[in-house]
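Small disclaimer: the values here were computed from a predicted structure and weren't measured.
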Amino acid sequence: MGRANDDAAAALEEYADLFAMTGGDAFRVRSYQKAAKAIAGYPEDISRADVRKVPGVGEAIAKKVEEFLQRGGFRQLDDLRMQVPEGVRMLTRIASLGPKKAVFLYRELGIDSPEALAEAIGEGRLAGLRGFGAKTEENLLKGIEQLKQASERVHLGVAMNLAELIIASLPAEKIAYAGSLRRMKDTIGDIDILAVGPATIMEEFKGLPYVAEVIASGGLKTSVRTTRGLQVDLRVVPAESWGAAMQYFTGSKEHNVRLREMCVKRGWKLSEYGLFEGETVIASKTEEEIYEALGMQWVPPPLREDGGEVQAALRGELPELVTLADLQGDLHTHTNLTDGIATLEEMVEAAARHGYAYYAVTDHAPNLFMQRMTLEKALEQRAQLHRLQDEYPDMRLLHGTELNIAPDGSVDWPAEILEGFDVCVASVHSHFSQPRDEMTSRFITACENPNVHIIGHPTTRKIGKRPPVDADWEAVFEAAARTNTALEIDAYPDRADLPSDLVRLARHHGVKFSIDSDSHAVPHLGNLRFGVGIAQRAWLTRDDVINAWPLERLLAFLGRG
DNA sequence: GCCGTTTTCGGCCCGACTGTTTTCAGTCG
């Protein structure tokens with residue numbers, strides 16, 4: 001499912017996992033993981049380009065990838081799949097359970113799925129097993145619970161890619177996605193697609209390569225489950241009720257209930273076929289007509305959550321939401337100097353193609369030891385960036401860094417070093433389970449550092465993998481507003497951090513935001529649109545977002561004017 | 001399995017935390 005690069009990367013990742021579980025050499029495991037990451041982040045389509053050009057891919061991996069592209073698998077992967085059941089690999093998705101313990105549990109007790117593990121713990125069968133004490137059991141149960149909740153939804157990026165792929169491959173007069181995807185929610189339970197189209201569209205839909213199972217199928221609606229387990233509904237609607245159907249299926253349910261209440265009071269009826277007075281159609285062709293007939297502004301989908309948008313639209317007071325086109329630059333990106341996979345030149349060139357007025361490179365700082373950053377490397381990068389600047393007269397290159405917020409709130413370098421950077425993002429990367437009050441003062445201390453401009457991915461959550469850290473967010477927002485520290489909206493779709501409800505809360509405290517891609521590869525730059533979705537859901541306008549500002553205003557905010 | 005203006009062999013991201021050890025293995029970022 002998806003781009004050839006993503007499919008091949010997923011296969012290599014699976015191979016790396018299985019290879020590790022079957023006792024394979026750790027360095028080779030890392031080679032497969034590295035190649036997978038590089039292929040996923042490679043800007044060219046590897047089904048057309050030579051995969052040997054991807055850094056980290058040599059002859060052996062290239063052969064595997066080529067075989068994979070031809071027939072959807074490769075021999076060594078097939079062999080390992082025979083040895084390790086799929087469910088055992090699923091075990092490693094449980095937090096705190098890695099390949100060694102997973103295979104140990106399988107060999108010792110025949111445990112071959114998270115469910116089987118939960119059962120075994122319940123029956124006390126792990127008691128006395130080497131390396132499995134009471135605390136471990138408790139953590140495993142917690143991890144299984146978390147996994148269960150996560151697996152029911154996917155993050156916006158996965159759903160959006162799939163929806164766009166489906167839409168592009170179905171011929172229709174009109175076709176679009178609705179539902180929570182159109183509202184840009186950070187997680188998606190199922191995908192709703194509407195189409196005005198030829199009678200053959202249902203058959204074509206069922207025949208798509210990533211359809212694993214047809215759940216139900218009729219003339220107007222077909223539901224399928226994809227190979228990744230996501231449900232997709234396709235509805236065929238009459239052209240004349242396109243707007244009503246889009247409105248109805250975009251939701252949210254609560255927003256629609258609010259509208260229908262208004263209709264009832266006027267003796268009208270609103271359904272997926274139109275707005276009616278008795279048998280007479282008042283509006284149905286476009287959403288705009290429908291909202292207008294109801295005496296209100298058209299409501300942008302991200303606002304349709306019954307969070308005051310109906311009342312505001314009736315008064316004609318909806319905010320002018322920030323858009324992707326408003327963004328003048330990206331203030332949090334990486335290169336291969338730390339954990340990115342593209343060079344500085346490649347990232348800058350890609351940024352220029354986005355038409356940015358400014359662009360910041362913010363590689364990690366020394367305290368994230370595994371990145372092996374040094375001041376010398378940072379200064380060399382700065383010099384390199386200055387040389388590059390001449391080639392990009394229309395885009396101001398900013399040299400930044402992503403600092404590490406230590407448990408006490410301090411960051412990597414002393415003030416005199418930090419002052420040399422154009423922009424400093426500071427983020428939490430460890431000690432996630434600090435008690436609430438310590439975590440809160442950790443953030444506040446970081447905000448109070450005059451050289452910290454932006455708090456990166458503040459909650460540090462990873463959707464489906466890691467819960468948000470616990471902090472008194474109102475206290476943090478107050479500090480951010482007081483110290484003129486922006487909070488990041490990290491657009492990377494498995495982070496989506498801050499989430500929109502906290503953004504909205506922070507805005508009430510007067511906080512400004514930076515919508516950043518946190519790119520580690522060229523294609524990631526395009527993720528900014530997901531950040532804009534979060535911002536819109538939080539009612540942000542251009543004025544709330546520092547990287548929607550012109551360069552001069554941004555530099556003044558950074559104290560670098 | 002990849003990679004090389006210190007290497008075509010011998011390195012490879014490395015340190016911290018957790019829970020379980022009685023000196024460390026496994027997991028994570």
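If you check every strand for non-hydrogen atoms under 4.0 Å, Gln371(A) touches nothing. Backbone-only contact: Lys64(A) has heavy atoms under 4.0 Å from sugar-phosphate atoms and none from a base. Within the 4.0 angstrom heavy-atom criterion, only backbone atoms of the sugar-phosphate kind lie near Ala134(A); the bases stay farther away.
Note: OH (Tyr15(A)) to P (dG1(B)) measures 6 Å, nearest angstrom. Taking atom NZ of Lys135(A) as the reference point, atom P of dT20(B) lies 8 Å away to the nearest angstrom. dG15(B) atom P lies 15 Å from atom CG of Asn404(A), rounded to whole Å. Rounding to whole angstrom units, CZ of residue Arg52(A) and C1' of dC3(B) are separated by 16 Å. The CG-C1' distance, from Leu126(A) to dT20(B), rounds to 14 Å in whole Å. Between the CD1 atom of Ile61(A) and the C1' atom of dG1(B) there is a distance of 6 Å, given to the nearest Å. When rounded to the nearest whole Å, the span between CZ of Arg28(A) and P of dC2(B) equals 9 Å. For Gln33(A) and dC12(B), the CD to P distance is 17 Å, given to the nearest whole Å.
Comparing Phe132(A) and Asp25(A) by the nucleotide of DNA chain B whose heavy atom lies nearest to each, the residue mapping closer to the 5' end is Asp25(A). If you find the closest nucleotide of DNA chain B to Gly131(A) and to Ala60(A), the one lying nearer the 5' end belongs to Ala60(A).
A distance of about 30 Å separates the P atoms of dG19(B) and dC12(B), rounded to the whole Å. Rounded to whole Å, the separation between the P atoms of dT23(B) and dC17(B) comes to 22 Å. The same atom, C1', is picked in dG11(B) and in dA16(B); the two are 24 Å apart, to the nearest Å. Across the P atoms, dC9(B) and dC14(B) are found 23 Å apart, a figure rounded to whole Å. Of the C1' atoms belonging to dC13(B) and dC2(B), the separation is 15 Å, rounded to the nearest Å. Nucleotides dT21(B) and dG26(B) have their P atoms positioned 13 Å apart, rounded to a whole Å. Separation of the C1' atoms belonging to dT20(B) and dT27(B) is 14 Å when rounded to the nearest angstrom.
Shown here are the side-chain hydrogen bond (donor to acceptor under 3.5 Å, both in side chains) partners of Arg504(A), two or more places apart in sequence or in another chain: there are none. Looking at residues two or more places apart in sequence or on another chain, you find a side-chain hydrogen bond (donor to acceptor under 3.5 Å, both in side chains) between Ser514(A) and Asp516(A).
Side-chain N/O atoms of His431(A) include none lying less than 4.0 angstrom from OP1 or OP2 on dA16(B). One finds a side-chain N or O of Arg30(A) lying less than 4.0 angstrom from the OP1 or OP2 phosphate oxygen of dC13(B). Regarding contacts with the backbone of dT18(B), every side-chain N or O of Asn139(A) stays at 4.0 angstrom or more from both OP1 and OP2.
Within the structure, side chain to side chain donor-acceptor pair (under 3.5 Å) pairs that include any residue of residues 453-463 of chain A comprise Asp186(A)-Arg461(A), Glu402(A)-His457(A), Thr459(A)-Asp497(A) (at least two apart or interchain).
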May I have the list of side-chain donor-acceptor pairs in residues 16-30 of chain A shorter than 3.5 Å, sequence neighbours left out?
unit_1   : atom_1 : unit_2   : atom_2 : d
Asp17(A) : OD2    : Arg89(A) : NE     : 3.1
Asp17(A) : OD2    : Arg89(A) : NH2    : 3.2
Thr22(A) : OG1    : Leu18(A) : O      : 2.8
Thr22(A) : OG1    : Phe19(A) : O      : 3.1
Asp25(A) : OD2    : Phe27(A) : N      : 3.2
Asp25(A) : OD2    : Arg28(A) : N      : 3.1

Run the side-chain donor-acceptor check on residues 70-84 of chain A: report pairs under 3.5 Å with partners two or more places apart or on a different chain.
unit_1   : atom_1 : unit_2   : atom_2 : d
Arg71(A) : NE     : Glu67(A) : OE2    : 3.0
Arg71(A) : NH2    : Glu67(A) : OE2    : 3.0
Arg71(A) : NH2    : Asp78(A) : OD2    : 2.7
Arg81(A) : NE     : Glu14(A) : OE2    : 2.9
Arg81(A) : NH2    : Glu14(A) : OE1    : 2.8

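Between Ser517(A) and Phe530(A), every side-chain heavy-atom pair lies at or beyond the 4.5 Å cut-off. Side-chain contact between Leu181(A) and Met160(A) is present, with at least one heavy-atom pair separated by less than 4.5 Å.
Salt bridge present: Asp544(A) and Arg507(A) bring a charged side-chain N and a carboxylate O closer than 4.0 Å.
With a 6.0 Å radius and a threshold of 12 heavy atoms from other residues, nucleotides or ligands, Lys64(A) has its NZ atom above the threshold.
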| message | I'd like to compare against my own output: the B/S/- annotation of nucleotides 24-29 of chain B with a strict under-4.0 Å heavy-atom distance to protein. | response | --SSSB
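When both pairing distances are held under 3.5 Å, dC14(B) makes a Watson-Crick or G-U pair with dG29(B).
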